[in-house]
Amino acid sequence: MSIKKIIEGKKEWRAHVARVKALPQDYQIVYKEMQKYLFKVGPVELGEGIGLLSEILSFLEEGAAAGKDVLEVTGTDVAAFCDALIEDSKTYLDLYQESVNQKVSKDKKE
Amino acid sequence: MGNFREMMKGVLEGCVLEIISRGETYGYEITQKLRELGFNDVVEGTVYTITMRLEKNNLVNIEKKPSTIGPPRKFYTLNAAGEEHLKIFWQKWEVVSSKLNKLKEN
Amino acid sequence: MNFFERITGSDMTKEMKAFEERAKLLPAEYQAAWKEIINNLWIHGDFTGRNLMPFIESSLELLEVTAADGQSIEEVLGDDIKGFCSALVGDEGAKTYRDKWRDQLNNNVARKLGGLK
């Protein structure tokens with residue numbers, strides 16, 4: 001019960017989830033899997049609010065409203081679609097590795 | 001096939017820029033035009049990832065207009081930086097294709 | 001010395017405490033996974049902790065969102081939490097993991113969409 005509260009207590013997130021739920025079933029499935037993948041890969045935009053997820057949702061809503069099958073709009077390789085979406089984004093991993101490299105080069109100088 | 005995808009990425013971006021430069025348009029319309037050209041594998045998602053990149057790099061102007069069905073739709077036009085980008089794309093394309101043709105003919 | 005003692009700076013400890021509070025609200029199997037993630041990240045960490053925070057936060061968000069959705073923890077992380085953490089911090093095999101996540105995404109989509117028909 002309380003887990004729902006903490007997430008859905010955030011007004012913005014609640015509105016977001018409501019939009020997801022309004023999608024047709026097949027769109028919901030694809031959206032949720034995409035979201036899970038993005039959380040794992042960790043593009044930095046995710047930490048900056050729901051902008052990226054909200055954008056993706058708008059894109060899917062448009063396809064759903066036009067009555068298309070979800071894979072018709074994302075393509076069958078949904079992972080490739082996700083990768084293309086965050087291609088220019090740094091991930092948490094990139095930032096972490098940069099900080100490690102900086103530390104290494106700093107240590108070398110000292 | 002991986003390499004083919006890499007190669008196509010730049011080409012498709014050029015195509016999308018060119019299509020937008022002909023006049024204000026939106027994602028689905030761009031997809032249709034690409035498919036008419038014979039890029040059968042292109043889906044709206046493909047175009048969306050490209051327009052998103054153009055948007056991020058400030059190469060397009062965007063106007064959201066209400067749609068008869070569904071959420072408001074994003075309409076794109078090229079801005080000055082986009083025009084410049086397109087010009088450079090065609091120049092690069094000229095270089096590559098002329099060299100390749102030469103190679104093929106000899 | 002445990003992970004929490006290793007991370008220095010009071011603001012960070014506060015951040016970590018806030019994460020812990022949020023984690024307490026997770027279902028039991030998710031809490032177990034959360035603890036395992038933290039422990040694994042610690043093993044992997046030769047870091048000060050500060051640059052670890054984004055990983056911890058995104059993992060927590062992943063758990064919160066999928067728990068609210070009622071998914072099973074296996075479905076979210078697979079059965080290999082250690083591997084998941086290695087992939088997060090980019091250890092050896094991280095690339096293979098991203099490939100695995102890609103496959104999982106496409107397979108899940110195919111399976112679940114197939115289930116609709």
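Order of the sequence lines fixes the chain letters, A, B, ..., with proteins taken first and strands second; residue numbering starts at 1 for each chain. We use all heavy atoms of the structure for the numbers below, so side chains are in, but hydrogens, waters and symmetry mates are not.
B:Tyr48 and A:Glu62 are not linked by any side-chain donor-acceptor pair at a separation below 3.5 angstrom, with hydrogens and angles left out of the test.
Atoms CD1 and OG1, from A:Ile86 and B:Thr49 in turn, are 12.0 Å apart once rounded to the nearest 0.5 Å. Expressed to the nearest 0.5 Å, how far CD1 of A:Ile56 lies from CE of B:Met52 amounts to 7.5 Å. A:Glu72 CD to B:Glu44 CD: the interatomic distance, rounded to the nearest 0.5 Å, is 8.0 Å.
Residues passing the side-chain contact (heavy atoms from CB on, under 4.5 Å) test with B:Val42, sequence neighbours excluded: B:Leu12, B:Thr31, B:Leu34, B:Phe39, B:Thr46, B:Val47. With sequence neighbours left out, A:Arg19 forms a salt bridge (charged side-chain N to carboxylate O under 4.0 Å, His left out) with A:Glu61.
By a heavy-atom distance cut of under 4.5 Å, not one residue of residues 86-96 of chain B is near chain A. Scanning residues 72-84 of chain B against chain A with a 4.5 Å non-hydrogen threshold yields B:Pro72, B:Arg73, B:Lys74, sorted by number.
Contacts between A:Asp77 and chain B at a heavy-atom distance below 4.5 Å involve the side chain alone, from C-beta outward. In this structure, the portion of A:Glu87 lying under 4.5 Å from any heavy atom of chain B is its side chain and not its backbone.
Annotation for B:Lys102: atom NZ does not count as buried by contact number, only 12 or fewer foreign heavy atoms lying within 6.0 Å. Heavy-atom neighbours of B:Lys64 NZ from other residues, nucleotides or ligands within 6.0 Å: at or below the threshold of 12.
Of all non-hydrogen atoms in B:Val43 and A:Gly75, the two that sit nearest each other are CG2-N, 3.6 Å.
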